[in-house]
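A, B, ... follow the sequence lines: proteins, then strands. Residue 1 opens every chain.
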Amino acid sequence: MRKKVISMLLTAAMTCTMFAGCGSETGGESVKDTSKTAEAESNTSEQDDGQAQTITPKEGGKSGTLNLWAFTDEVPGMVQKYIEAHPDFPYQVSSTIIATTDGAYQPALDAALKAGGKDSPDIYCAESAFVLKYTKGDMEQYAIPYEDLGIDVDKETKDADIAQYTIDIGTNSDGKLDALGYQATGGAFIYRRSIAKDVFGTDDPEEISQIIGGGSGNFDKFWEAAEKLAAKGDAIVSGDGDIWHAVENSSEEGWLTSDGKLQIDPKREAFLDISKNLTDKGWSNVTQDWQDAWFADMKGTGPKPVFGFFGPAWLINYTIAKNCGGEKTGEGTYGDWAVCDSPVGFFWGGTWILANKEMDEEKKAAVRDIIDWITLQTDEDSLQYKWANGTLNGEGGTKDAVASGTVMSKSDGSMDFLGGQNMFDYFVPANQYANGKNLTQYDESINQIWRDQVRAYASGQKSREDAIRDFKQTVSDNLGIEAAD
Amino acid sequence: MKRSHTMKKTIIFIICIILSILSILPFLIMIVNSTRSTVEIQQHALSLIPSGYLASNFKVLVGKSFNPLVGFMNSLIISVLTTILATYFSTLTAYVLVIYEWKLRDALYRFILAVMMIPAQITMIGFYQMVYKVHMTNHLSMLILPAIASPAMVFYMRQYMIPALNKEIVQSARIDGAREFYIFNRIVLPIMKPAIATQAIFCFVSSWNNLFTPLVLLTDQRKYTLPIMVSLLRGDIYKTEYGAVYLGLTLTALPLIIAYLCLSRYIVAGVALGSVKG
Amino acid sequence: MKARHSRYAKYGYIFSIPFAAAFVIFSLYPTLYTAIIGFTDLQGIGTTEFHFLKDPFLNFRTILTSPTFQTAFCNTVKIWVLNFIPQLFLALLLAAWFTDRRFRVPGEGIFKVLFYMPNIITAATIAILFNALFGYPMGPVNDVLTRIGIFSAPYNFLVNKNIAQDIVIFIQTWMWYGYTMIILISGILGINPEIFEAAEVDGASGWQTFWLVTLPNIKTILLYTMITSLIGGLNMFDIPKLFLMGGPDNATLTTGVFIYNQAFSGAYMYNRAAAASMIMFVIIVLASILLFWLLRDRDEEALKKLQRKREKEMRRACRVGRKAEEAEK
């Protein structure tokens, strides 16, 4: 009896903690970090009695459902805006979002494409780290070329002035265009103005570019700057992950040789030493990207103040700004940032949009409208224009560099977050560095394995030789790819 | 003598209290943090005072394709049907082993003993290929029907039935003209109720908690079970949404905690019963 | 009498059809299919066609010589052993206390309920919860340790191979000691109380009673617990998969996670995964045989033993007789 009473009490106590939270809910105050897209999304999902997230056009939606697969809520958010602007859109859109972390997205997408049927994806997104698998790799046969959707590819890509690497990556092995992105993801160096002033006596992007060797093609000056920063107790980057993206996309060769064997480009191998140096010489806070500590450095609350991050425009708005600990100048590190040239050119990330070859004939026109709007149109109602100027979700939204040069040339990238700097001044030229030639379809998996081994070496847990050996072994075990030598 | 007993009792009591705290604390942190905002959690991740952000955490959570209700319903459908099928057919098979004298009886019993410990996980590649070939991935039935053959439960039911079921009852029912199927449903099942209840709880829990099979078979988000939903919380779309992640975990664990604390007497007794053999 | 039974014998066949059918379709066939795939070239997402390899044991050799599989296997065994020892120790200790005839621990019932609770919660939830608890730099564990001054700065637990492994071991122990304890308690309560009374009369101390009376009498249950735990341990998947995805640097990679990664991510190497599954299958079958032997029908066995003994005696008697005859000659 007593036992029962006490267990009831425990139950009650645990339930109470839940409802205590409910009761003291403070009216309209919403959580700070909620991004705009997330808010927009939750609005629509409610009418749908809890099924997968479906966007229903106000007047249309009678013809059936389009299935959209993505790894963030970004593209579903865009499609939602498109449908809001086109209430007579004939289809409902059901979005499936699976994060790419730990590689969960690809297996699920692969299985869904293979399974076919009415639930198979009609439109699907792929990230730069694995888009090649879907445009010219193992899953190529599922993608429909844009021209088969009825898009005049040559004319429209020219009119929109789409960056060449975006097209290269999206072209299949027959030379037809299967996929395009909407972002331009050429990278720059994003640094803290206050630290720049303190250590180098200036926060001017041109001068800081000079100091870190912006555009020089090597890291020599960058390490000199690192030492100066270290002397003042600052770290130049947060972790080795920040440098990795610069190393990865600036190397001459990708992970695979032409006959499909594993190779390690000298620049990528040198990343082992870079990472070790960062750790041993205290040039970083030894964080891992996308982990809590990395975000803490954006806010400036890590063990050492961190000078900067390597990244494209999206990193500023979607990651640094969200984690800077403030929403206007003076709060957290908001407004304390600036953009300058990266020592070596690179690009990082980007989302490509593909459509399923197996889709019903009648869906094609609707799919084309969405894809064309996202990737190729350039007028003021187009996605890219709104994306670049941060007006997709109303005025004052986040700005981003986009794939269309035409759009970029008529957009304004100045932001309070960067102390008023127009970030497009640096990101537009950064895109010309970017090239899509050293990508392979296994990049996501191989990068993850490589970075794990580099981390083990840098932290002193294994020797350089062991790390390389284990890397080759793991790639062979997980992917069946043998080393070239 | 007396004093050393009190000493010993006190030490034991303290150790038990520490272990109890260890059992409760992680869940308590989880529940409390599910009501706190990400900012609060970032400042101090440990707090036992609930805050007021439950609703906004919930908004963030469901805004990112986490749909606890769908997962809950799917898990419920699978677990309930699995439990019904497993207990019913295991009792029937145990009945076959106890009552009828037929040639293959001993062979079947030995076979069940031999395979009862082999986990389904180890043959998943073949199972997946089979299901894939007949285009049945994403069908919940593929997670339910295998429960008809649950050798371990048959073993347990047989152990229970041998002393509990008087063969004379069956005989007299036969004399009264009852059919075999009727006898099983109307006479044997009620006798087996306590064993069925015990096994049902464990069957339900293990089916509810199963991650591996659904993870392999289900790709359609509308078919996801709760453990798969949970695994999505690791994704980087939740990387900075601590409150929402804790809330997602709480939503999956709280129903179990409540059900457990209410049924704990039977469950603990059931664990004890389930193990007494040989 | 005999005729009556055979009249009902057909129901034995009829009523075992559902079980047999489900077993053949959902267990036997997949098992054989898995075994076959191990000898083929079946690879790639969605592939269902396969060819047998010229070298039939290629996949098995690849797996057995693969350092990653070896690591995974060693991890699995290590995690199981290191979790089972404290788990059993704690469970035995608690079981001994809770069944001590000389005193009752206050709140015993509630303690049992609480110790068993982690076992009932979804392992997936627990894995991710612990990932959050040990978060860096602002997880609850770091928060406590820095606030009470044990650490001056937060420590990144989850990138340290040993600590990551230790946490998995801790989670396993934490989830399972309550279960083991309850089983051991029921085993101890099943011992004839007269044995304890006799021990008490003989003046045995608490420890002596435990070592000399309790332990030998729950030997079977201990073995049962060990084998079921071993089989469960060899299949460990949910916790290592969701806690750190087998990382850092494969420190928490178990064979279950290895097989999953081979088959359902990366290059979809079903054949290698099948070979690895079969290797694990053989190990588990061996463990099962042990269990089978342990749980064999005691009465029947005793009868057979008696028979054998009698036969032996008779033979010996005959031999003795023959020898006597020979001696006489």
Side-chain angles (χ1 to χ4, degrees), chain B residues 5 9 12-13 16 19-20 23-24 26 29-30 42 44-46 89 92-93 95-96 100-102 105 108 113-114 117-119 121-123 125-127 129-130 132-133 145-146 148-149 180 205 209 211-212 216 227 230-231 233-234 245 249 252-253 256 260 264 268 271-272 275-278, chain C residues 5 8-9 11-12 15-16 18-19 22-23 26-27 30-31 33-34 37 48 97 103 105 111-118 120-125 128-129 132-133 138-140 143-144 179 182-183 186 190 220 231 235 237-238 242 263-264 270 273-274 277 280-281 284 288 291-292 295 298:
Chain B
H5 262 201
K9 238 168 133 172
I12 291 174
F13 192 70
C16 286
L19 288 174
S20 301
S23 277
I24 298 173
I29 295 174
M30 171 184 85
Q42 278 175 332
H44 276 303
L46 183 82
F89 285 104
L92 184 65
T93 313
Y95 182 67
V96 158
Y100 299 113
E101 307 226 341
W102 50 300
R105 185 173 82 163
L108 180 64
L113 268 190
M117 291 314 295
I118 294 171
Q121 194 178 317
I122 217 79
T123 59
I125 311 294
F127 186 71
Q129 283 285 328
M130 175 182 89
Y132 184 80
K133 256 189 176 169
L145 291 177
I148 294 173
E180 293 299 301
V205 168
N209 289 343
L211 171 70
F212 194 83
V216 169
V230 172
S231 72
L233 292 173
R234 270 201 61 120
V245 170
L249 294 173
T252 59
L256 277 173
Y260 171 68
S264 60
V268 170
V271 178
S275 68
V276 186
K277 41 192 74 162
Chain C
H5 272 304
Y8 292 107
Y11 289 104
F15 286 169
S16 40
F19 178 90
F23 187 83
F26 295 114
S27 288
T31 310
Y33 204 24
T34 309
I37 291 170
T48 48
W97 288 341
F103 59 84
V105 181
F111 287 137
K112 273 191 218 166
V113 168
L114 289 179
F115 296 169
Y116 181 64
M117 188 167 74
I120 215 112
I121 308 298
T122 317
T125 304
I128 294 175
L129 176 59
L133 292 181
M138 53 280 243
D143 189 30
V144 174
Y179 171 82
I182 291 172
I183 286 188
S186 81
T220 320
I231 292 173
N235 278 295
F237 176 77
D238 298 15
L242 290 183
F264 302 109
Y270 300 117
S277 296
M280 293 312 288
F281 184 82
I284 287 168
S288 294
L291 190 71
F292 178 75
L295 297 177
R298 299 247 150 190

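With sequence neighbours left out, the ring-ring contact (aromatic ring centres under 6.0 Å, His included) criterion links B:F89 to no other residue. A search for side-chain hydrogen bond (donor to acceptor under 3.5 Å, both in side chains) contacts involving B:E180 returns B:Y100, B:R174, not counting sequence neighbours.
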Task: Derivation and outcome, side-chain contact (heavy atoms from CB on, under 4.5 Å), residues B:L92 and C:F19 - done: CA-CA 9 Å; B:L92 184 65; C:F19 178 90; over 6 Å; no
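With a threshold of 4.5 angstrom between heavy atoms, C:Y11 approaches chain B through its backbone and through its side chain. B:V230 touches chain C through backbone and side chain together, each having a heavy atom under 4.5 Å away.
Of the possible donor and acceptor atoms, none in the side chain of C:N235 sits under 3.5 Å from a partner among the backbone N and O of B:P119. In this structure, C:S16 contributes its side chain and B:T93 its backbone to no donor-acceptor pair below 3.5 Å. The backbone N or O of C:V113 lies less than 3.5 Å from a partner atom in the side chain of B:Y260, making a donor-acceptor pair.
Within the model, atoms CZ of C:F115 and OG of B:S20 stand 4.0 Å from one another, a figure rounded to the nearest 0.5 Å.
The most heavy-atom pairs under 4.5 Å with chain C, out of B:I122, B:I148, B:L256, come from B:I122. Your options are B:I125, B:L108, B:I29, and the one with the most heavy-atom pairs under 4.5 Å with chain C is B:I125. Ranked by heavy-atom pairs under 4.5 Å with chain C, the first of B:I12, B:V268, B:L211 is B:I12. Looking only at heavy-atom pairs under 4.5 Å with chain C, the residue among B:V205, B:T252, B:V216 that has the most is B:V216. Taking C:T34, C:D143, C:L133, C:T31 one by one and counting their heavy-atom pairs under 4.5 Å with chain B, the maximum is reached by C:D143. Top candidate by heavy-atom pairs under 4.5 Å with chain B, chosen from C:G190, C:A263, C:A132, is C:A132. The greatest number of non-hydrogen atom pairs below 4.5 Å with chain B, out of C:L129, C:I37, C:V105, C:I284, is found for C:L129.
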